[in-house]
There are 2 protein chains.
Amino acid sequence: MQRYFTITQLTQEFDITTRTLRFYEAQGLVTPQRRGRQRLYTPGDRTRIKLILRGKRLGFSLAEVKELIGMYGSAPGEAGQLRLLMEKIAARREELLEKQRDIELTLLELEEVEAGALARMEELSPVTSEER
Amino acid sequence: MQRYFTITQLTQEFDITTRTLRFYEAQGLVTPQRRGRQRLYTPGDRTRIKLILRGKRLGFSLAEVKELIGMYGSAPGEAGQLRLLMEKIAARREELLEKQRDIELTLLELEEVEAGALARMEELSPVTSEER
DNA sequence: CCGCCTTTTTACGTTAAAGTCAATAGATCT
DNA sequence: AGATCTATTGACTTTAACGTAAAAAGGCGG
């Protein structure tokens with residue numbers, strides 16, 4: 001039942017522009033089929049777009065995202081290629097773990113700032129609600 | 001005992017260029033003191049630089065990082081300002097939590113790819129080591 | 001078949017975040 | 001003091017990731 005998506009459907013779903021999708025295509029990140037000149041995106045293409053946007057949210061460049069996505073579909077028969085793939089995976093995992101630590105730290109700091117702000121609000125309007 | 005850091009010390013410590021640090025200064029992200037024309041960075045400046053780099057690793061723009069850092073030092077006496085601060089904190093926290101979820105998903109997918117790769121390596125060289 | 005609307009192409013513009021280069025200005029070694 | 005080194009400033013360039021505008025090509029409702 002191979003359904004297709006039009007470019008505008010996807011731009012609405014993901015809140016991006018057609019320019020963006022065509023740019024990603026020019027960069028080789030997605031390769032929708034054509035009916036005449038019109039682009040037809042498969043569910044697989046849609047998934048790739050989701051992966052791209054997720055990568056972007058994490059601060060990866062499109063080049064990095066491309067490499068990352070490249071790992072998924074890859075079935076490199078050769079042993080050397082497999083070792084290389086494993087190395088890439090390890091490297092990417094390290095980056096992600098570092099980002100996790102960075103997030104933890106930032107969240108902790110935000111909590112501190114929040115606590116300070118709450119304390120100052122108490123000072124300004126003592127006995128905030130009617131309890132007590 | 002107020003120690004100072006020179007610009008080159010910091011570029012070496014954080015593996016960035018002097019151009020980068022001066023750029024951050026021009027953007028108002030750090031404001032080192034001067035001895036003549038020479039820049040002198042305090043431990044506080046050094047901390048701010050660490051925060052900037054951490055923000056960048058998480059994919060935040062310098063403008064966003066600036067806002068984030070601005071929250072730390074801020075002691076806005078006014079109640080309205082405090083509410084605004086709380087809102088900003090909430091928004092930033094949401095972003096960070098989303099990034100956390102994104103990372104989890106990506107890590108899971110990497111594991112899958114890795115498992116597949118390991119399986120194929122087994123196929124290529126059965127009975128890898130001498131056990132059994 | 002005509003007019004209208006969307007899509008595609010092509011080309012140039014823009015913004016953020018630096019990189020690169022040249023000209024000075026201090027600082028340092030001898 | 002002269003030579004050498006490092007730091008600063010200012011100007012111009014670059015790269016990634018799109019934005020914007022204009023022209024041509026399809027598709028479709030009447």
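Since the structure is predicted, the reported quantities are computational estimates derived from the model, not experimental observations.
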Given DNA chain C, 5'-ward residue of the pair B/Gln27 and A/Arg39, judged by closest heavy atom: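 So the residue in question is A/Arg39.
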A/Arg48 NZ/CZ over A/Tyr24 ring centroid, <6.0 Å and within 45° of normal: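 No, a cation-pi geometry is absent between A/Arg48 and A/Tyr24.
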Donor-acceptor pair between B/Thr42 and B/Arg46 side chains, under 3.5 angstrom: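 No pair is found: no donor N or O on one side chain lies under 3.5 Å from an acceptor on the other.
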Check: A/Thr17/A/Thr20 side-chain N/O donor and acceptor closer than 3.5 Å: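 There is such a pair between these side chains.
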Atom pair distance, as rounded to whole Å: [atom1] in [X] and [atom2] in [N]:
| X | N | atom1 | atom2 | result |
| --- | --- | --- | --- | --- |
| A/Gln38 | C/dT7 | CD | P | 7 Å |
| A/Glu64 | D/dT15 | CD | P | 17 Å |
| A/Leu40 | D/dG26 | CG | P | 15 Å |
| A/Glu25 | C/dT7 | CD | P | 15 Å |
| B/Phe23 | C/dG19 | CZ | P | 10 Å |

B/Lys56 side chain to B/Ser61 backbone, donor-acceptor under 3.5 Å: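 Judged by distance alone, no pair lies under 3.5 Å.
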B/Gln38 backbone acceptor or donor facing B/Arg35 side chain under 3.5 Å: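 No; zero donor-acceptor contacts below 3.5 Å.
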B/Ile89 reachable from A/Leu107 in the ILVMFWY side-chain graph, under 4.5 Å edges: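 They do share one cluster, since a chain of ILVMFWY contacts under 4.5 Å joins A/Leu107 to B/Ile89.
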Note: B/Arg54-A/Glu109 ion pair, threshold 4.0 Å (strictly below):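 The answer is yes: the pair qualifies as a salt bridge.
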Electrostatic pair A/Glu87:A/Arg83 at N-O distance under 4.0 angstrom: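 Yes, charged N to carboxylate O under 4.0 Å.
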Sugar-phosphate, base or nothing in reach of B/Arg35, heavy atoms under 4.0 Å: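 Since no nucleic acid heavy atom lies under 4.0 Å of B/Arg35, the category is nothing.
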B/Tyr24 side chain near C/dA17 phosphate (N/O to OP1/OP2, under 4.0 Å):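 Checking B/Tyr24 against C/dA17: no side-chain N or O falls below 4.0 Å of OP1 or OP2.
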Phosphate contact (D/dT9 OP1 or OP2) by B/Arg37 side-chain N/O below 4.0 Å: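 No, B/Arg37 has no side-chain N/O under 4.0 Å of OP1/OP2 on D/dT9.
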Near-strand residues of residues 47-57 of chain B, defined as heavy-atom separation under 4.0 angstrom from DNA chain D: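 Those residues: none at all.
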Residues within residues 7-22 of chain A bordering DNA chain D, heavy-atom distance below 4.0 Å: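 Contacts with DNA chain D under 4.0 Å: A/Thr17, A/Arg19, A/Thr20.
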Among A/Arg19, A/Arg39, A/Lys66, salt bridge (Lys or Arg N to Asp or Glu O under 4.0 Å) partner for A/Glu25: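 Considering A/Arg19, A/Arg39, A/Lys66, a salt bridge (Lys or Arg N to Asp or Glu O under 4.0 Å) with A/Glu25 is found only for A/Arg39.
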Comparing A/Ser61 and A/Gly36 on DNA chain D - which has the more 5′ nearest nucleotide: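 That would be A/Ser61.
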